[in-house]
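For reference, the structure discussed in these notes is given below.
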Amino acid sequence: MADQIEYKVARILLSSEKIRNRVNELGAEIAREYEGKNPILITLLKGGFIFLADLTRAVEIPHEVDFMLIRSYEGKRSTGSVQIVQDLKLNIEGRHVVIVEDIVDTGLTLSYIREHLELRKPASLIVCTLLDKVETRKIEVKVDKVGFPIEDEFVVGYGLDYRQHYRNLPHIAILDPK
Ligand code: 5GP
């Protein structure tokens with residue numbers, strides 16, 4: 001029989017409505033800035049899949065999407081070593097790229113991916129993250145668009161997991177430490 005899993009959320013940090021409004025704003029901004037440029041929105045799986053699904057529908061200009069499956073986290077903190085488990089399908093040389101991230105914490109994952117993708121010579125490359133834990137950076141990395149700056153608390157929901165669960169919550173929540 002499957003394990004019984006019980007979700008324990010201490011409080012909701014960002015409601016689904018708040019997220020929806022901000023994602024729509026970000027989408028409109030990207031659509032304005034990339035009109036006629038056919039950008040590629042790239043997300044890092046698994047955490048970014050829900051953000052990308054909503055953002056792509058809010059970017060109302062022609063664009064493509066692609067995915068990179070990476071592994072960088074063990075439990076609750078970044079290990080610093082990033083492994084590309086599955087690479088992009090599209091060639092990004094000469095293309096305008098928007099990296100769509102769920103959250104930037106230490107910055108180690110993004111810094112690695114950013115440098116790695118720059119080597120493929122895109123025409124431009126920016127980062128759009130839904131959440132930004134500004135105070136916990138271990139490495140400086142350029143983040144161009146931020147949905148919400150947040151404090152140093154472990155969050156789940158809207159694609160973000162704890163041990164592969166909680167990704168399906170429609171809001172961003174703080175786990176109950178108990
Ligand atoms: P960084 O390398 O910047 O420390 O971590 C980036 C990745 O770690 C994110 O893409 C995300 O998958 C994961 N991460 C960082 N902070 C949190 C958090 O508060 N909650 C969850 N669920 N994942 C996080």
Side-chain angles (χ1 to χ4, degrees), residues 3 5-16 18-20 22-23 26-27 30 40-56 65-88 92 97-119 125-178:
D3 290 346
I5 307 272
E6 204 187 322
Y7 281 12
K8 292 193 175 126
V9 163
R11 70 190 160 90
I12 294 175
L13 185 66
L14 298 165
S15 68
S16 55
K18 217 167 170 183
I19 298 171
R20 186 168 52 247
R22 187 67 187 119
V23 171
L26 288 169
I30 292 171
I40 306 178
L41 270 50
I42 290 174
T43 203
L44 308 180
L45 296 172
K46 296 178 186 171
F49 81 109
I50 291 186
F51 181 32
L52 182 78
D54 285 343
L55 189 66
T56 186
V65 297
D66 205 354
F67 306 90
M68 197 176 231
L69 177 58
I70 60 160
R71 195 173 294 141
S72 69
Y73 242 55
E74 298 290 339
K76 285 192 173 182
R77 211 82 243 191
S78 191
T79 58
S81 69
V82 180
Q83 191 193 347
I84 298 176
V85 181
Q86 190 184 302
D87 207 341
L88 301 174
I92 63 166
V97 170
V98 179
I99 301 179
V100 177
E101 253 287 42
D102 51 356
I103 185 166
V104 184
D105 180 14
T106 63
L108 292 168
T109 308
L110 186 59
S111 152
Y112 176 87
I113 294 296
R114 212 183 158 127
E115 277 176 28
H116 183 84
L117 293 182
E118 290 282 10
L119 294 175
L125 188 150
I126 67 158
V127 172
C128 173
T129 186
L130 181 69
L131 307 173
D132 189 1
K133 287 187 193 169
V134 197
E135 289 162 21
T136 53
R137 281 295 192 286
K138 285 193 181 154
I139 191 167
E140 210 177 301
V141 60
K142 190 160 184 273
V143 178
D144 305 271
K145 295 186 191 297
V146 175
F148 303 94
I150 61 166
E151 313 253 299
D152 181 19
E153 281 179 297
F154 191 79
V155 292
V156 293
Y158 199 73
L160 287 151
D161 76 309
Y162 176 60
R163 298 192 173 158
Q164 298 305 326
H165 283 283
Y166 297 92
R167 295 190 197 275
N168 57 322
L169 297 182
H171 40 249
I172 299 281
I174 311 287
L175 278 187
D176 184 344
K178 285 175 272 162

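Along the sequence shown, residues carry numbers from 1. All figures in this text were calculated on a predicted structure; none of them were measured in a lab. In each ligand, atom 1 is the first atom listed, and ligand 1 is the first ligand listed.
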- Message: Within the 4.0 Å heavy-atom shell around Glu153, which atoms of ligand 1 are there?
- Response: 19 (O)
- Message: Taking a cutoff of less than 4.0 Å between a non-hydrogen atom of the residue and any ligand atom, is Lys133 in contact with ligand 1?
- Response: yes
- For Gln83, look at atom CD and say whether over 12 heavy atoms of other residues, nucleotides or ligands are found less than 6.0 Å away. yes
- Is a salt bridge present between Arg22 and Asp54, judged by a nitrogen-to-oxygen distance below 4.0 Å? no
- Check Val65, Val97, Leu52 against Ile42 for a side chain to side chain contact (heavy atoms under 4.5 Å, CB included) and give me the one that passes. Val97
- Scan Val155, Leu130, Ile172 and name whichever one has a side chain to side chain contact (heavy atoms under 4.5 Å, CB included) with Ile103. Val155
- Item | Lys145 atom NZ, over 12 foreign heavy atoms within 6.0 Å | yes
- Task: Could you label the plane-to-plane angle of the Phe154 and Tyr162 rings as parallel, tilted or perpendicular, counting under 30° as parallel and over 60° as perpendicular?
- Result: perpendicular
- Query: Out of curiosity, is Tyr162 lining ligand 1, as in a heavy atom under 4.0 Å away?
  - Reply: no
- For Thr106, the ligand 1 atoms with a heavy-atom partner under 4.0 Å come out as 1 (P), 2 (O), 3 (O), 4 (O)
- Query: For Asp161, is at least one N or O under 3.5 Å away from an N or O on ligand 1?
  - Reply: yes
- Message: Closer than 4.0 Å to some heavy atom of Glu101 - which atoms of ligand 1 meet that?
- Response: 10 (O)
- Message: Need the ligand 1 atom indices (1-based, order shown) with element for anything under 4.0 Å from a heavy-atom of Asp102.
- Response: 9 (C), 10 (O), 11 (C), 12 (O)
- What about Leu160: any of its N or O atoms under 3.5 Å from an N or O on ligand 1? no
- Message: Please enumerate all residues that pass salt bridge (Lys or Arg N to Asp or Glu O under 4.0 Å) together with Glu153, with sequence neighbours excluded.
- Response: Arg11
- Any N or O of Val155 closer than 3.5 Å to N or O of ligand 1: yes
